[in-house]
Amino acid sequence: MDVRDCLAQFEQARPGLLGLAYRILGSRADAEDAVQDTFLKWQANDRSGIDNPRAWLTTVCTRHCLDILRSADRARVEYVGPWLPEPVLTANDDTIGHASEHTWSEHASPEHAAALASSLTTAFLLALQRLTPKERAAYLLHEIFDMPYLEVGRTLDLQEPACRQLVARARAHIEQAKVRHATPPERQRRLLAAFGTAIATGSVDALAGLLSDDVRLSADGGGKVSAARRVMHGPEEVLRFIQAGLHAWWASGQLEEATINGNRGFLFRDGGDIDATVSFAYDEAGLLTDVFIMRNPDKLARIGAAPQIA
């Protein structure tokens, strides 16, 4: 295989590798490092003996992600305030996650594309964080990227029955979290309009009727900028924080609608720079369950970077 073929094969696999690594790690920066490390190993390896390049690349990338998770455990324990995944801008709902580019199945489908999109939401990524690293990897490879159990086992260096058990446990946790459902666009638009009004005017009347009884607000500043150090719980506390806090701090800035991690949300600009992102999660009835605010400048540094996460 000459250099051009080598590069072409890797570039074809890159979007899927980046999407997998981001979902495992919750960090675009770390995901890009994992993909770059995979590329270097791909270049250095004798590729003549590799029968299935995509499977080989996936195995190397996944194992590197698991190594990153092990080294990140201590940093996560010492993190200041709530931790949220690094936000990414994604394509609109009708173009996101084309399954034919990112699946091991020979027959891509619109349903699989929808599954890819739903697996990028902040709520889903947080649910993944509650799994063990190998549960997370096995679940993503089989359930989201449609890899057969035999290949999952080879990737994780496990027997097929052990992989099935990992996926079954992970699936039970994910289903219990109820984070894999689509929220109608019109419901999202209504929420965005009400949230924007609350920020601009301080009136939360329209927003109040859209909240679930157990709504939460989480802000990630990473100890680097001002942000709430604890999660706000319940409609009363969340609305008070938005009305007395966010309205006062953000009314003079600019809220710009964007698709963030597969759902409609906001970029908040102060003087032209992106100072925060706001994304949302909903229950199956379409009521708001979570407000996620990212203020950590390290996690905002790559917002909008190419290529998009798929």
Side-chain angles (χ1 to χ4, degrees), residues 26 81-85 87 89-90 93 117-130 173-221 226-269 275-296 299:
W83 181 93
L84 295 174
L89 297 185
T90 50
D93 294 341
S118 70
S119 68
L120 278 175
T121 65
T122 304
F124 179 80
L125 294 175
L126 286 172
L128 287 177
Q129 295 295 317
R130 293 189 281 272
H173 286 298
I174 296 296
E175 290 176 354
Q176 186 177 24
K178 297 181 178 180
V179 292
R180 293 202 63 192
H181 54 266
T183 304
E186 61 272 15
R187 189 70 178 182
Q188 295 189 45
R189 287 194 291 268
R190 184 180 174 192
L191 183 279
L192 263 63
F195 187 88
T197 297
I199 297 301
T201 69
S203 173
V204 296
D205 293 344
L207 187 59
L210 303 177
L211 307 186
S212 69
D213 291 338
D214 58 352
V215 65
R216 299 172 295 265
L217 185 149
S218 308
D220 183 339
S226 176
R229 295 291 183 92
R230 65 177 182 84
V231 178
M232 308 289 174
H233 290 273
E236 182 178 350
E237 187 174 30
V238 168
L239 290 173
R240 185 168 60 247
F241 181 80
I242 292 172
Q243 185 176 45
L246 294 184
H247 165 60
W249 302 325
W250 289 4
S252 60
Q254 178 185 0
L255 284 177
E256 175 185 321
E257 288 192 23
T259 303
I260 302 171
N261 288 83
N263 280 333
R264 296 299 289 172
F266 290 108
L267 306 177
F268 172 69
R269 296 182 183 272
D275 194 59
T277 63
V278 187
S279 55
F280 305 97
Y282 307 83
D283 63 18
E284 292 171 300
L287 294 175
L288 185 69
T289 59
D290 286 276
V291 181
F292 304 112
I293 300 175
M294 177 56 69
R295 293 214 61 228
N296 186 334
K299 295 184 181 182

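The first residue in the sequence is number 1, and the count goes up from there. All values below were derived from every heavy atom in this structure, side-chain atoms included, with hydrogens, water molecules and symmetry-related copies excluded.
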I293 vs L246, side-chain contact (heavy atoms from CB on, under 4.5 Å): CA-CA, chis, key distance, verdict = CA-CA 11 Å; I293 300 175; L246 294 184; 3.8 Å; yes

Would you sort out whether R295 and D275 count as a side-chain contact (heavy atoms from CB on, under 4.5 Å), showing the intermediate values?
-> CA-CA 6 Å; R295 293 214 61 228; D275 194 59; 2.9 Å; yes

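Across all their heavy atoms, L125 and P85 have their closest contact at CB-CG, 3.7 Å. Closest approach of F292 to A281, counting heavy atoms only: CE1-CB, 3.8 Å. The two residues G262 and T90 come nearest to each other via the heavy atoms N-OG1, 2.8 Å. Taking all atoms of both residues into account, the shortest heavy-atom contact from M232 to F241 is CE-CD1, 3.6 Å. In terms of heavy-atom proximity, F280 sits nearest to L192 at CE1-CD1, 3.9 Å. I260 and P87 get closest at one heavy-atom pair: CG2-CB, 4.0 Å.
Using a 4.5 Å heavy-atom threshold, the side chains of V238 and R216 count as separate. Counting heavy atoms from C-beta on, the side chains of D220 and P82 never come closer than 4.5 Å. Within the 4.5 Å cutoff, side-chain heavy atoms of V278 are placed close to those of W250. For the pair T122 and D290, the minimum side-chain heavy-atom distance is 4.5 Å or more. For the pair I174/R180, a side-chain contact is recorded, criterion being any heavy-atom separation below 4.5 Å from C-beta on. Side chains of F268 and E256 form no contact here, defined as non-hydrogen atoms less than 4.5 Å apart. Side-chain contact between L191 and L207 is present, with at least one heavy-atom pair separated by less than 4.5 Å. Proximity of K178 to D283: side-chain heavy atoms (C-beta onward) are nowhere separated by under 4.5 Å.
More than 12 heavy atoms of other residues, nucleotides or ligands shown are found within 6.0 angstrom of CZ on R187. The neighbour count for E186 CD, taken as heavy atoms of other residues, nucleotides or ligands under 6.0 Å away, is above 12.
To the nearest 0.5 Å, atom OG of residue S118 and atom CG of residue N263 are 9.5 Å apart. L217 contributes atom CG, which lies 10.5 Å from atom CZ of R230 (distance to the nearest 0.5 angstrom). Atom-to-atom distance recorded for L89:CG and L267:CG is 5.5 Å, nearest 0.5 angstrom. Here the OG1 atom belonging to T289 is positioned 12.0 Å from the CG atom belonging to D213, to the nearest 0.5 angstrom. Considering CH2 of W249 and OG of S226, their distance stands at 6.0 Å, rounded to 0.5 Å.
With hydrogens and angles ignored, the 3.5 Å screen pairs a side-chain donor or acceptor of T121 with a backbone N or O of F124. Listed for the S203 side chain is no donor-acceptor partner under 3.5 Å among the backbone atoms of A198. For the pair T183 (side chain) and G286 (backbone), a donor-acceptor distance under 3.5 Å is absent. At least one donor-acceptor pair closer than 3.5 Å links the side chain of K299 to the backbone N or O of L84. The main-chain N or O of R264 is found under 3.5 Å from a side-chain atom of Q188 such that the two form a donor-acceptor pair. E237 places a side-chain N or O within donor-acceptor distance of the main-chain N or O of H233, the cut-off being under 3.5 Å.
Between E236 and R240 there is a salt bridge, since a side-chain N of the basic residue sits under 4.0 Å from a carboxylate O of the acidic one.
When ring centroids are compared, F266 and F195 come within the 6.0 Å threshold.
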